[in-house]
Amino acid sequence: MTEQEFDQHPFILTVGRMLSVYPKMTEDEQKALAEWEQSNLGAGGKGTSDWPGWSAVCARLSH
């Protein structure tokens with residue numbers, strides 16, 4: 001995989017988006033994410049990127 005292919009990979013773009021919006025999230029959004037992670041992560045079936053709240057956060061911050 002070339003560096004350009006890596007940079008354009010959907011997972012890398014998703015991680016980059018999460019890292020860029022997290023500091024802009026409200027305290028309540030960050031708390032909701034932390035609570036969801038505590039309940040849903042650990043067994044390897046889900047990751048932080050699966051949090052259902054990302055859509056609303058990204059929609060709110062894209063304006």
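Just so it is clear, the structure is predicted and the values come from calculations on it, not from any experiment. Side-chain atoms are counted along with the backbone in the values below, which use heavy atoms only and exclude waters and symmetry mates.
The two residues R60 and M25 have their closest heavy-atom pair at NH2-CA, 3.8 Å. Across all non-hydrogen atoms, the minimal contact from W54 to T48 is NE1-O, 2.8 Å.
Taking a cutoff of 4.0 Å between a charged side-chain nitrogen and a carboxylate oxygen, K46 and E37 do not qualify as a salt bridge.
In this structure, the side chains of E35 and W51 stay at 4.5 Å or more apart for every pair of heavy atoms.
For the atom pair CG (D50) and OG1 (T14), the distance works out to 10.0 Å, reported to the nearest 0.5 Å. Remark: S49 OG to R17 CZ distance equals 11.5 Å, nearest 0.5 Å.
Counting only distance, with no hydrogens or angles, the side chain of Q30 and the backbone of Y22 share a donor-acceptor pair below 3.5 Å. Proximity of a side-chain donor or acceptor of S39 to a complementary backbone N or O of W36 within less than 3.5 Å is not detected. For the pair Q8 (side chain) and E5 (backbone), a donor-acceptor distance under 3.5 Å is absent.
No continuous path of hydrophobic side-chain contacts links L61 to L13 [ILVMFWY only; heavy atoms under 4.5 Å].
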